[in-house]
Every structure is written in C-alpha cells, then in structure tokens.
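Just so we're on the same page: letters track the sequence lines, and every chain starts at 1. Since we're looking at a predicted model, the values are computed, not measured.
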2 protein chains.
Amino acid sequence: MVTLQDVAKAAGVSIATASWAINDSKDARIPQETRQRVRKVAVSLGYRQNALARGLARGQSDSIGFISDGVATSPFAGQVIRGAQAEAWQNGKILLVVDTNGDKRIEKETFAFMMERQVEGIVYSTWVHHAVEPPKELRQVNSVLVNCFDRRRQYPAVVPNEIQGGRSATEILLKAGHRRIAFVNDIDSSPAAIGRLEGYRQALSSYGVQFDPSTIIRAPSNQEGGYRSIEAVLATKATAVFCHNDRMAMGLYDALHERGLKVPDDISIVGFDNQEVISAHLHPALTTVALPQYELGVLGIRTLLESTEQVKPQTDETSQTKRKIIHVTCPIIVRDSVFPSNQVIHH
Amino acid sequence: MVTLQDVAKAAGVSIATASWAINDSKDARIPQETRQRVRKVAVSLGYRQNALARGLARGQSDSIGFISDGVATSPFAGQVIRGAQAEAWQNGKILLVVDTNGDKRIEKETFAFMMERQVEGIVYSTWVHHAVEPPKELRQVNSVLVNCFDRRRQYPAVVPNEIQGGRSATEILLKAGHRRIAFVNDIDSSPAAIGRLEGYRQALSSYGVQFDPSTIIRAPSNQEGGYRSIEAVLATKATAVFCHNDRMAMGLYDALHERGLKVPDDISIVGFDNQEVISAHLHPALTTVALPQYELGVLGIRTLLESTEQVKPQTDETSQTKRKIIHVTCPIIVRDSVFPSNQVIHH
DNA sequence: GTGAAAGCGCTAACAT
DNA sequence: ATGTTAGCGCTTTCAC
C-alpha cells in the first residue's frame, strides 16, 4: 500500500506539502509546478488516499446514513435510494444504506452503527408515505425524513404532494370533458388517501362540478380491491374513474374486461403511482400520476446537506421550531386510458 | 464527544485496559469485574467507538462495497441488496451501495472511491443475469459477481439456476397432465432464455415427451411480446404455456381474455420471475418460478467473506484457476393458473 | 514556500 | 493483571 509518506519521499517534498498538493488546497502557498510534480508522482505510484485516516484527522467522514424500513424491498421505491445516492455522490459523500425491515430493534442498532461510523447525517425513509415516530436518537444528529413526517415537526421532511397529485389526476379527466368522475380510494386512511381525495375535490370545485359523496368508493388498495369495486363503480354512472393507485386500476381493468367494457371508449381511467410494470403495459396503457421518488431522494440529501452547513443538530428539547415539510410535485403521465385523448393533449 | 480516553479515566484504568474491556477481548487477561465496570462507565458516559479510528488502527474497515448497474432501480431486484445487507450485517460489516446506472466511468470512479474507503471486498451485481466484463481494477480486491458472471471465470459468481427453473416450470405442467406445452421464450438470447429452454427440454425428456421445435415461440420479453404471441400460441394447439417471464404471461392473459379463453380452464399458464405485483394479482393468480434474489445477495456476501478469510486477491494475471459459479435454486410458486390444480398440489 | 510535529481515537505489542 | 507506548495515514498549525 502506497502512503502519502511514500509519495512525499519520491517527490522530494515534505509530507505536508504532499498533502496540500494532493488535495489542491487553495490556501496553501505552493507553486503550481510543485503541485503538478507531486501529483504526477502520486499517480505513477498508484497512490490512493486512505479515507479512514483522512476522516479521522479531519473529524469528518464524508458519509451519510440512509435508513429505510423497506425502500430496497419496495417494487417501486428503489428510485428514492438512487436519487439520494446520486445527490450524495455529487457532493463527494457516500451513502451507508441499511434496510431495517421495519424492525425497531434493528433500527436502534443501525443508528448506533452509523454514529460509530461518524455519518454526517441520517436520512430516514419509509416505504409508504405516512406519519412516523422516529427513534429519539435521531435528534442527536442532523437528519431528515423522506416519504414520511413526524407530527411534531421536529425534523425536516420531504414528501410527495398528494393533493396536487389528486388534483392533476382529476383535472386531466375534467379537461377531457368528463363531469361525473368516480374516485376509488384506499379504504385505509393515509396521507395518500386523504391528500388525493382533497385534490379530487379541489379539481371538481375549480371546474364548477358539485362534489357528490356517492362517487367515492373505498376498497383495499390492491388489484383485488379494484376488481371488486366494479359494481360500485358502475353504479355511480360515472364516465371516468380516478383510482387511488395503479394496482387498483389494474384490477378494475380486469373487471371491466370481463363485462365487455372498453377502456377508454366506455370508461376512462386514471391511476396513481406510475408503477411502470403495470401502468405502461396495461391495454390500453394507463394514464397515471407519478410518485416523484427519485426527487424525494435527491431533495432528502440536499436538505440534509443544507442543514449540515448551517445549523447544528437541535439538542434543545424545548425548542418549538417547526421544521419545514417539502411537498414534491407528482407529475402526470399521459397514456391511453382517457377518452377523448386528443382533448387531453391539447390542454 | 466521549473518547476511550475519557472512559478509561473515569473508570480509573488505562486506556489499553479500557479498550480490551470494551471489545471484550478473549485473550486479554483482565478480570470480569473490571470488564463490567469499564463497560458500565462507558454506557453511563454514552461512549461510542469511532469506527474511523478503529479501522485505521486495525487496518480494517468492516465495510463491503456493493456496486450495481441498477439493482436499486429494478422493480424486482432490490431484494438482492436486502439479502446482501442482511448477511453483511450478520457479520458486523456495512454495505457501501453505489448504483452506477450502467455508466462505465461512474463505475471506475466508484471503484476508486470504495478502495479509498478500504472496503474489504466488492460485490458487483447486475440487473439482468448476463455475462459481463468487469473493470480490471476489480481484480485488485476480493470480489464476487452477483447475477452475472465473466466468461473467463476470473471471479466467483452467484447466479440463479435458470435450467432448474425452466425444468420446474415445465414439470409442474407435466405433472398436471399436460403433454403439449408451448414455450414463449425471450427473442433475445441470454442466460435466462438459453437456460430456461434447456430446462424445458430436460423436463419434457424426463417425461418421455418428444421435443417439438414448433412449440417454441420467441417474442420480446414484455407484456406486448406476450400479447402479440397469442396467434402463435394458439397455433401450437398446446394445452399449456410456459412463459419466459411474468410480464409476457400478463400480456398473454390479456390476449386470451379478449378471445374469451379462460385460464386455466382452457389453457394453463406458468410464468417466471415471480414479479409479485403482477403474478400474485392476475386473474387467476399466476403460478410461476421465483428468482432467488434475496439468496443471491446473501450468497454473494457469504462467498466474499469466505474468500476474504482464506485467499488473498489474485494479482497473478497468469493464474488459470477457474472460480466457481454458484447456481441458486429458483423455487416454484404455485398459484391458480395451472389446470387441473388439484393434481399439481398432490405431487 | 516548505517542513516539523502534534494530534485525530484507537489497537496491540511490549513492559512491568 | 494492567499500564506504556508506538504506531495506523492523514491534516493542519506553527515555525522557519
């Protein structure tokens, strides 16, 4: 293993100078010539910094912890890690990723493990968008919540904008001319269920359409739920349906198919999540609203890095400052399940 | 920040003794009483090891690099990371995960970055099972390939057993009494396409069924491919179809549906991949073969750790030793798309 | 401009 | 059984 010592010796300079040259320190007063020479030598010797030594000396590890309760498992949330990692990388940091599988004990251990490794902060991310009660330890370090939030607002959080998403989904139907729109929502209450409903109502209202509670159908948020809600959907006499997610839409497609009803000719459908393996490949392909997963990851890290620069972690338990929640836009993905589609495109 | 120094002082022992007590060194000859006392003090002081300092002193980082070309992206391969991480964790190691997005330049940078961080080895994993040419640098360190392999067998590799998978898929159909079985394979050649076909042929052969090339249909391995292969499938007069993957099966379901054909009454179907969001939720739920993703991750790390213990990384370019390839079993997941299903269960 | 040297927090060989 | 001490490889202050 080649050390800085070796490089210095080979270049005929002191180890301090070598360090400056390698790191290209702005404030070090060494001539370009020396810098170049040292670096040449370093390359020719195949020198590589030892991040452990560097971190120890500088009291900084250039690493960020990423705790998730299953992001890596989720079929459609790995993108969050990708975004986080890309943004961390941009800033010369590396991510220590641990999936706790939702286990509180593992979570605590993970936290300790990360602290030992001198992480500069921790991103705490969840699989589904919901309220969490993060382990108190998290307050000892800079941290941000991604795809979740704590009710007391002790941590900055980055979440998808469910309301806007629900609004966009509904508006695309309204723009296409639909006025009677059913909403097959998740039977479980959640930020997604609440937010998307609110968006749905806002959209109707902005188009002057009276909200009719009987157009709201609730079912489990999976294919079966969508499939089984067919009767209720047809009973609403709606010409279009906004499904809480793509999986429900997939189930609804099946049920519609079985009754010989065509999408979008007989009924228009909009989903949510843009779970590509489903939405992009249904017949017809499903118009849906995408979850900004990659962005959530990016913004999570960015938020963390910003707060690292400025403030120290809050240790003052009495502090009442509410941390901000960033709501990230959910873009609409137009495909072929809304009729008449030409109108959709023109607006 | 509390250091070992502080703990030693508070406990009234030397720093060395403190270190031994904390690490519970077997060979250190210190009485239990002292150990206990020191640890009590450490806890009460809120002491936490500094992994950087420890790693520097021991020349060991307890971390493993995990490079992937998109595992985190893949809707169904995040499990590989989960498995890898769980196994690493078991051994007191942490994973440094970087997704290169398939970019060769990022790949090189990632490698350098990981070496700087003194990783004890690198797992190089790919999204699809295929042959790779890993960057030469990889040979400088202990490494193992996961879900991919190099033709020259310079690295140990862990891959799914495609042949056995294909065999299992076909056998379940044979056991159910089917004798004319179409195989809708991927039109692109790949270890999966080749292996699954081989398994299909082996299964037929072991049941004394003559292989008929006309039952092999090739199409792009996605929903559209499956959907469009309907004519060809029907033309084979097969009573059952083995699809190269669940996505193709999903497309085929759609096409079958449109012609009023029922699964499994009119035709039985088996998929591959066990992409749950699809397979578990089609109507009827799809019998399929699962990719052992979690296991791939576990075995990747285990293999790495084993070789770390024993051999040093091969630097000898002329060495001709072929590294082993571990083929991991792909379990069959029985659901409702094979008829008659009762027979299936009884065997 | 450059170098000497004091750490960073910990481990482990060596002394006692 | 316990303490002393020399590093691990690097950064950075301070002196020249």
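- We find that CG of A:Leu56 is positioned 8 Å from C1' of C:dC10, with the value rounded to whole Å.
- No side-chain heavy atom of A:Tyr124 sits less than 4.5 Å from a side-chain heavy atom of A:Ser68.
- Within the structure, a side-chain polar atom (N or O) of A:Asn23 is placed less than 4.0 Å from OP1 or OP2 of D:dT11.
- Under the side chain to side chain contact (heavy atoms under 4.5 Å, CB included) rule, B:Phe149 has a single partner from B:His130, B:Gln154, B:Arg323, B:His129, which is B:His129.
- Put simply, NZ on A:Lys9 is 12 Å from P on C:dA4, counting in whole angstrom units.
- Whole-Å rounding puts the A:Gln118 CD to C:dC8 P distance at 14 Å.
- Heavy-atom distances to DNA chain D give each of B:Val13 and A:Tyr47 a nearest nucleotide, and the one nearer the 5′ end belongs to B:Val13.
- Between A:Arg58 and B:Arg54, the one whose closest nucleotide on DNA chain C sits nearer the 5' end is A:Arg58.
- Remark: P of C:dC10 and CD1 of B:Ile15 are 7 Å apart, rounded to the nearest angstrom.
- In terms of phosphate contacts, B:Thr3 brings no side-chain nitrogen or oxygen within less than 4.0 Å of OP1 or OP2 of C:dC8.
- The distance from atom CZ of A:Arg35 to atom C1' of C:dT2 is 13 Å, rounded to the nearest whole Å.
- Minimum heavy-atom separation, B:Ser61 to B:Gln118: OG-O, 2.5 Å.
- For C:dG3, the OP1/OP2 oxygens have a side-chain nitrogen or oxygen of A:Thr17 closer than 4.0 Å.
- One can place CE of A:Met1 at 12 Å from P of D:dC8, the figure rounded to the nearest angstrom.
- In summary, B:Glu133 and B:Arg152 engage in a salt bridge, as defined by a charged side-chain N under 4.0 Å from a carboxylate O.
- Among the heavy atoms of the strands lying under 4.0 Å from A:Ser19 is at least one base atom, whether or not backbone atoms are also near.
- A straight line from CH2 of B:Trp20 to P of C:dA12 spans 10 Å, rounded to a whole angstrom.
- Minimum heavy-atom separation, A:Leu4 to A:Ala18: CD1-CB, 3.9 Å.
- To the nearest angstrom, P of D:dC8 lies 11 Å from CG of A:Asp6.
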